[in-house]
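One structure, pasted below without further comment.
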Amino acid sequence: MCLAIPGKVVEIFHENGLKMGKVDFDGITRKACFEYVPDIQLGDYVLVHVGFALSKVDEEEAKKVFEFLDQMNELGELRTLQEDN
C-alpha cells in the first residue's frame with residue numbers, strides 16, 4: 001500500500017538547489033524533499049509520500065496517524081528500508 005507517513009523534521013539543508021531535510025518517523029530517519037512546504041521549520045511535522053513532504057500537520061494528528069499505521073502493520077516497508085541503509 002502506498003501511503004503518506006507523518007514524521008518530525010529533524011534537519012533542513014539544500015541539495016542541488018532544492019530544499020531538503022531529514023524526517024524522523026518514530027526513530028527511523030529518512031531524507032525528504034521540502035520544496036512543497038517551503039515554510040517548514042525544525043521540529044514541525046509533515047506528511048511524506050515517496051520522498052516528498054506534501055503538507056504540514058500538527059504534532060497530535062501526526063502521532064495519531066503514525067499509531068494507526070503501526071497498528072495496521074503498514075510501517076514494515078519503512079523499517080525494512082532503514083535496515084537496508
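The first residue of the sequence shown is numbered 1, and numbering continues consecutively from there.
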**By side-chain hydrogen bond (donor to acceptor under 3.5 Å, both in side chains) - contacts of K64 (at least two apart)** = none
**Item:** Atom pair NZ/CZ of K8 and F25 - distance to nearest 0.5 Å
**Value:** 13.5 Å
**Asked** At their closest point, which heavy atom of F34 faces which heavy atom of E11, and how far apart are they?
**Response** CE1-O, 3.7 Å
**Message:** I need the minimum non-hydrogen distance between S55 and V37, along with the two atoms involved.
**Reply:** CA-CG1, 3.6 Å
**Asked** Do the charged groups of E15 and K31 touch, with an N to O distance under 4.0 Å?
**Response** yes
**Message:** Applying side-chain hydrogen bond (donor to acceptor under 3.5 Å, both in side chains), can you list everything that pairs with Q41, at least two apart in sequence or on another chain?
**Reply:** none
**Prompt:** How would you list, by chain and number, every residue that makes a ring-ring contact (aromatic ring centres under 6.0 Å, His included) with F13, sequence neighbours excluded?
**Reply:** none
**Prompt:** With a cutoff of under 4.5 Å between side-chain heavy atoms, which Ile, Leu, Val, Met, Phe, Trp and Tyr residues group with L47?
**Reply:** Y45, V57
**Message:** I need the minimum non-hydrogen distance between V10 and D24, along with the two atoms involved.
**Reply:** CG1-CB, 3.8 Å
**Item:** Heavy-atom side-chain proximity of I40 to I12 below 4.5 angstrom
**Value:** yes
**Fill in**
Applied to residues 42-60, the salt bridge (charged side-chain N to carboxylate O under 4.0 Å, His left out) test, sequence neighbours excluded, yields D39-K56, D44-K56, E59-K63
**Message:** Show the nearest heavy-atom pair for residues A53 and Y36, with the distance to one decimal.
**Reply:** O-CB, 3.5 Å
For residues 16-23, which side-chain N or O atoms pair as donor and acceptor with protein atoms under 3.5 Å away, sequence neighbours left out?
{"unit_1": "K19", "atom_1": "NZ", "unit_2": "P38", "atom_2": "O", "d": "2.7"}

**Item:** Pairing residues for V65 by the side chain to side chain contact (heavy atoms under 4.5 Å, CB included) criterion, not counting sequence neighbours
**Value:** P6, E61, L69
